[in-house]
Amino acid sequence: MSAHELKSGPLEYRSSQGRMNILGFWIFLAAEIVLFSTLFATYAVLFGRTANAPTPGELFEPSTVLVMTFLLLISSFTCGIAVHEMRRGSVKGLITWLIITLVLGLGFLGFEIYEFIHYTHEGVTLQSSAYWSSFFILTGTHGLHVTLGIGWAILLLIQLAKRGLTPVTSRKVFIISLYWHFLDVIWIFIFTSVYLIGMVV
Amino acid sequence: MAGHTGRFPVKHVIGFILSIALTLLALWAALGSDLPTVWIIVSIMALAIIQAGIQLFMFMHMIESESHNGHVPWNMIFHGLVLAAIVVAGSLFTMYSGHGSGGDHDGDMKHEQQQEQHEGHTEH
Amino acid sequence: MQLDEFFVTGEPLIYGAMVSIALVTAAIIFILTYFKKWGWLWREWLTTVDHKKIGIMYIISALAMLFRGGMDALMMRIQLAFPGMNFLNAQHYDEVFTTHGTVMIIFMAMPFLIGLMNIVVPLQIGARDVAFPYLNAVSFWSFFFGAMLFNISFVIGGSPDAGWTSYTPLAGAAMSPGPGQNFYLLGLQLSGIGTLATGINFMVTILKMRAPGMKMFQMPIFSWSTLVTSFIIVFAFPILTVALALMTIDRIFGSQFFTLTGEGMPMMWTNLFWMWGHPEVYIVVLPAFGIFSEIISTFARKQLFGYKAMVWSMIVIAGLSFLVWVHHFFTMGMGAFVNSVFSISTMLIAVPTGVKIFNWLGTLYKGRIQLTTPMLWSLAFIPSFVIGGVTGVMLGMAATDYQYHNSYFLVAHFHYVLIAGTVFACFAGLVYWYPKMFGHKLNERIGKWSLWFFVIGFHVCFFPQYFVGLDGMPRRVFTIIPEWMPLNVISTVGAFGMGMGFAIFVYNIYYSLRYNEREKSGDSWDGRTLEWATPTPVPFYNFATVPHVEGLDAYLIMKEKGQTTFDEANLKPIHMPSNTGQPFIMMSIMFVASFGLVFEWLWMAIAGLIGVIVMMAFRSFDYNDGFYVKVDEIKRTERSARGL
Amino acid sequence: MKHRKQHLMKWLSLLPLGLILFLSGCSELTVLDPKGPVAQNQKDLIMFSIIFMLLIVIVVFVLFTYMVVKYRDRPGRGNKDYDPSLHGNTRLEILWTIIPLIIIVILSVPNVQTLYELEKPPESTSNKDPLVIYATSADWKWFFSYPEQDIETVNYLHIPTDRAIEFRMSSADSMQALWIPALGGQKYTMAGMETKLYLQADEPGMYKGRNSNFNGEGFTEQTFEVHAESEEAFSDWVNESQNEAPDLTQDKYDELLKPGLLNEMTFSSTHLQWVNHGTMADKDYAIKRHREAYKELLHLENGKEDGNNEH
Ligand code: HEA
Ligand code: HEA
Ligand code: CUA
Ligand SMILES: [Cu+2]
């Protein structure tokens, strides 16, 4: 169906299917913004409704959150480097940086799981109150996205190892890099409006 | 774009340093400074928005002529953010106007007061 | 769980339904086996990624849903005309209006329009398929299985009964225990995913796959309406996704978003529901506007009047549609300021809508109006919709909405816009593009009978409801006081008129299949846009050679110049996607997962979800890149289709 | 064809005509036959808006009829008056943008004004303090508490005429709405918050009130009667109730809260002593006590439990 194949430029943009997939993914990300903003809106509206459970200020630990934030920020950076390597045509560089990204992502997830378990021990769960429901679902949805991203990237790594850089694999890598950066953007807002504000107010 | 083919990913490194700096700044504003709460919230939200912009423009290649997608990605993300603002602000606006949430036994309370009550919210 | 809890029991109506469902299923299985059609069904339909076939499947499903929703409507009307007969008791009445509303909006109106978009849009913009054919099949099957899931609640587990709006805390676990409400949540969720994917798909298709030369402002207006609608879908559906998920988690996993306990906030559901719900009503009316525009321009034999204004008014409507949601709960007590703001934003929508109405009238001006069936549906739309629209503006005046809200005045309003807008458009569009889809027209004479029954029945049914509403009759009551009886009886008569209209319409499909002559040319109505440039039936690759577009009404220009889409000298092999059973399989696994979640059998839900993830991983490794249609084959197909 | 066309015209011209006919007989429709200043206010606004809507409808219908009749492709019309090149007119576009916009502005002004007025007790009786009644909805009945009079009623209401009533509304469970169409528009009742509604009756009489927001099986029957009577008759009723009605105990109240239908009842004390459903603290009062009652699906005989609330 594609008439306009390009001869130059980044691989992922050469086929018209590649360009369309990337555009479609941008549109999907716009939808994801609305999805997360609905969760943020719910969180904001339910803020303070902790019922008899502890308040966020009592539970949040700045150090854990900071470590998580840095893990994700660095992983976003290494993911950017991975795409940079891809555009230089280096499969090895790409795979290496992508793996580093995933390890950082796993680290983030580990801390998040630790955090949730910790809260459960402190006596707050999804069921505790409206506030805590919205907290767990907002951060949990982000965490779920990270998990899916990791699984997806692993599939991609296998394909990269098998096929090397083609218009199709590079398009896939580019798309997952968008996804990964996007999750970082969401986290910035979680960090700010959930953790920082939760500790301030 | 220069950054793509060169050896050193200048743009990414600058973006990275900026985002670390902004994060630390936000952390300081929230926990270290003694600004009034409202100002803390405003300023750290502003910092978050700047940082999101860095990700979008410096990491995510949102505007790249090679993509042949024109301004569409930018346009969609922009509208996504507008919608996000509508959803968040609109929800707070409607859910906390008029009847408020922390209605007290005194039914005569004005709605501004109720709103404050809600924000404090410890008495329940 | 006992078997007698699993199946709904104790009602002759439901036993009847079970028996008829079993019989219909058995009959279908028998016919397919007897005529050895299983392979055909699989190859031609279940695995197809062809936008035209997917569109046809959408429309057939939507017609079935119209039948189901219509049966619900007739049951309600019978109950209200003869409340003493105890045809339905309170509980059943509640289930019936809930399923009626949900089925009509989510499983009838949207899929019908999406079906038409699927068939028409790629043809109109000169594309060979949508941008993501595989995803398109996924969308269809997710809608289909979502609809199935919702509909089986009738016989298994019990129907939802909290209204299509499902306000909490009523719809929460405490007050609506049991699987009914879960069916609502998961049925909508499943089909909602598909709708979102459709939105993305059509945006990319329209933005990236237009025929060479076709500028945005040369696009046929129906394609424009699809683009704008897709935009609304992309931004509105995630809100629904989240709202549904939150309520599901509340009900199944005990969170406290919309509960009365744990300081939950039930009215947040109302807020989120309408943040999606209001844009939703424009999702179902903008494509309708597009269809009417095409038809009115075709049969007035004139270019659409004020094309640019028509496009911009749609864009403005889309923008405003996200700023008015509060008008559905003016009575929640948010105070005068909030209500004033949303009151004004609501009424503002009248302005761009008015622009559209007057431009349609302008298109008729100095035209040569041919009163074909699709044109009559479109003409019937204009005055009927204006009545619905201006009463909408009355509802938009918050100070008086306190009196209209939750009354039959409101019921009359939304049926006036939904039926005169969406349903008329579905009929008009189906009749109009029918020859493109099936190779023959629908019979005009029978078509007009069906139209008059439906249109007159419609007014007889819903016009009195404005007055009974002003007399204080609330919606969602299953029995009424004597003062309201006369108007309700009239209303019921009208509903049966619509039923007759629909029945005649269905008969017409059968009759035309048997007796109507086959189309010889692809240009059945002397059309103006590119879908008419293809032969009928349309070859699976749509265009042998893609035309170069030079202006609005591209095919009209081509006809003047004597061009066709079969330029024998310039044929090239055409790349097409391969059929695949993956979307069907993936979504049937999703169905199983959702079914498990409905009954809160987590093992089943988890197993199903793992199945879906495995399918997605499988797809990730699937490098099948489609195939090329050879020039010879194109030549052969085109020559036979064009009778050369 | 011609015949059918005329049919269409006849039908279409019938619509606005029918509307006018209906409206001239409108005094029979409850909402358009107000019995108090609030409903009067709303009725006036409704009539005001209907005039504009009718105007719009008539303009569109006339234009529509003109176009369809004049430019129909009749046999023998040929190409007379046919102009396929006509495709727009900027002046007209501006015209039909501006005029609706002006209409919207004209409608908005009284609308906003009325919205603010509705938040306050009616002007006409501002010399008297409003009578405060706590209206509490519960599946599927109404409790009306008169704190000053120390009376509580179930499913009926007595109010004095010519005095504003200030309803302080909340719900024990599902979201409901208090609507007395003859006296004015509705507002929702919700657990854990308080909404306020001002109504007033000018004419003595018996009016229908109900819950208008769907809340399950007993919804249809969740109605009540409003007895609007002179100040003297009202105090008589108050005295009588205080002397004759039993006290409302918490046990009794909890029993009544259970989902179901109730007859009219009167008590000489109010539930406000121990619970105000309009506060966050008491938001889950009913649900905590009656979780089980909700869970066992209620099966009312056709919506009616033994006895009904007519008397
Ligand atoms: C196709 C679907 C559709 C469409 C197009 C509309 C269109 C409009 N709707 Fe409607 N609406 C619904 C479907 C739709 N609605 C549904 C389903 C509900 C109820 C859901 C539920 O509760 O179950 C509802 C409920 C609803 C309410 C809530 C009422 C309540 O619950 O109390 C309101 C209130 O403002 C409203 C307003 C409007 C307005 C102002 C328009 C406008 O867009 C109309 C604009 C059109 C015109 C005005 C006519 C043409 C214009 C002119 C000729 C120009 C001149 C006109 C003027 C200057 C006035 N609608
Ligand atoms: C697109 C949306 C749509 C459509 C097309 C319809 C179509 C119809 N609706 Fe519906 N309606 C809604 C959307 C829609 N409705 C919504 C959202 C609600 C609110 C639900 C809620 O409160 O939660 C509602 C509520 C609603 C009510 C109010 C219920 C209540 O509040 O108590 C009523 C009552 O009259 C009604 C009637 C009808 C009728 C008579 C039709 C007719 O047009 C139907 C016509 C179609 C048929 C009749 C087809 C069936 C044909 C046959 C079965 C053939 C055989 C029959 C014969 C030969 C007679 N609808
Ligand atoms: Cu509380 Cu709405
Ligand atoms: Cu709306």
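The sequence lines fix the lettering, A, B, ..., with proteins before strands; numbering per chain opens at 1.
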Checklist entry - Under a 4.5 Å heavy-atom cut-off, does chain B meet the side chain of A/Tyr43, its backbone, both or neither? => result neither
Checklist entry - Do the side chains of B/Met76 and A/Leu29 get nearer than 4.5 Å, heavy atoms only? => result no
Checklist outcome for this item: Greatest number of non-hydrogen atom pairs under 4.5 angstrom with chain B, of A/Ser193, A/Gly18, A/Ser76, falls to A/Ser76
Checklist entry - Mind checking whether B/His12 and A/His84 have parallel, tilted or perpendicular rings, split at 30° and 60°? => result perpendicular
Item to check | Shortest non-hydrogen contact between A/Trp26 and B/Leu56, atoms and distance | outcome: CZ3-CD2, 4.3 Å
Checklist entry - Roughly how far apart are B/Ile41 CD1 and A/Leu196 CG, rounded to 0.5 Å? => result 10.5 Å
Checklist entry - Which answer fits A/Ile186, side chain, backbone, both or neither, if we ask what part of it has an atom under 4.5 Å from a heavy atom of chain B? => result neither
Checklist outcome for this item: Applying a strict 4.5 Å limit to non-hydrogen atoms, the region of A/Thr38 in contact with chain B is both
Next on the checklist: Show the nearest heavy-atom pair for residues B/Tyr96 and A/Val45, with the distance to one decimal.
Outcome noted: OH-O, 2.6 Å
Item to check | Residue pair B/Gln55 / A/Phe182, side-chain heavy-atom distance below 4.5 Å | outcome: no
Checklist entry - Atom CZ of B/Phe16 and atom OG1 of A/Thr78: how far apart are they, to the nearest 0.5 Å? => result 8.5 Å
Checklist entry - Side chain, backbone, both or neither: which part of A/Val65 has an atom under 4.5 Å from a heavy atom of chain B? => result neither
Checklist outcome for this item: If you tally heavy-atom pairs under 4.5 Å between each of A/Phe25, A/Phe40, A/Tyr195, A/Phe70 and chain B, the highest tally belongs to A/Phe70
Next on the checklist: Quick check: closest heavy atoms across A/Val185 and B/Ala52, and the distance to 0.1 Å?
Outcome noted: CG1-CB, 3.7 Å
Checklist outcome for this item: CH2 (A/Trp187) and CD (B/Gln51) are apart, to the nearest 0.5 Å, by 12.5 Å
Checklist entry - Which bit of B/Leu22 is near chain A, if near means a heavy-atom gap under 4.5 Å: side chain, backbone, both or neither? => result neither
Checklist outcome for this item: Scanning both residues in full, the closest heavy-atom pair of A/Ile33 with B/Gly80 reads CG2-O, 3.5 Å
Checklist outcome for this item: Cut-off 4.5 Å, heavy atoms of chain A, and the answer for B/Ile77 is both
Item to check | Spatial distance of atom CZ (A/Phe77) from atom CD1 (B/Ile20) [nearest 0.5 Å] | outcome: 9.5 Å
Checklist entry - About how many Å separate CD1 of B/Ile40 and OG1 of A/Thr192, when rounded to the nearest 0.5 Å? => result 13.0 Å
Checklist entry - Counting only heavy atoms not in A/Phe111, do more than 12 sit closer than 6.0 Å to its CZ atom? => result no
Checklist entry - At their closest point, which heavy atom of A/Ala41 faces which heavy atom of B/Val88, and how far apart are they? => result CB-CA, 3.8 Å
Item to check | Contact check, side chains of B/Leu83 and A/Ser37, non-hydrogen atoms, under 4.5 Å | outcome: no
Next on the checklist: Rounded at 0.5 Å granularity, tell me how far CD1 in B/Ile54 sits from CG in A/Leu73.
Outcome noted: 10.0 Å
